[in-house]
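Reviewing the structure listed below.
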Amino acid sequence: FFKYYMSSYRRVATADAAASSAPSNNDEAYGKRTRSERISDKIHALAWVVVAYCTASYTHFFPTLFSDDRIIRPIFNISMALFSINVIL
């Protein structure tokens, strides 16, 4: 199971690797992927977004998050502020 998925894994080029003129250890340099590989990446990303949306819809995640009485509001507000700072940084 993991062997199949790990074989399709591609390392993302970093700024250091892109800036250096030496050839990288990456078999597929950025921009040298085939069109079918790029389309496959887009389809996989879309599938993850659809799964996340379906999960949030099925579990009523957002209505529960913002209207349930069991959520302690001060702690929730602090956690959302800290999460926002983390995302911004």
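What you see is a predicted model, and the numbers here were worked out from it, not measured in a lab.
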* Structure fact -> To the nearest 0.5 Å, atom CG of Leu65 lies from atom OG1 of Thr59 at 10.0 Å

* Roughly how far, to the nearest 0.5 Å, is the CE atom of Met80 from the CD1 atom of Ile75? -> 14.5 Å

* More than 12 heavy atoms from other groups under 6.0 Å of CZ on Arg35 -> no

* To do: Could you tell me the separation between the CG atom of Asn77 and the CG atom of Leu82, rounded to the nearest 0.5 Å?
  => 11.0 Å

* Any Phe61 side-chain heavy atom under 4.5 Å of Phe66 side chain -> no

* For Thr34 against Glu37, the heavy-atom pair lying closest together -> N-OE1, 3.0 Å

* Asked: Taking the side chain from Ser40 and the backbone from Ser36, do they hold a donor-acceptor pair closer than 3.5 Å?
  -> no

* Structure fact -> Rounded to the nearest 0.5 Å, the CG atom of Asp68 sits from the NE2 atom of His60 at a distance of 12.5 Å

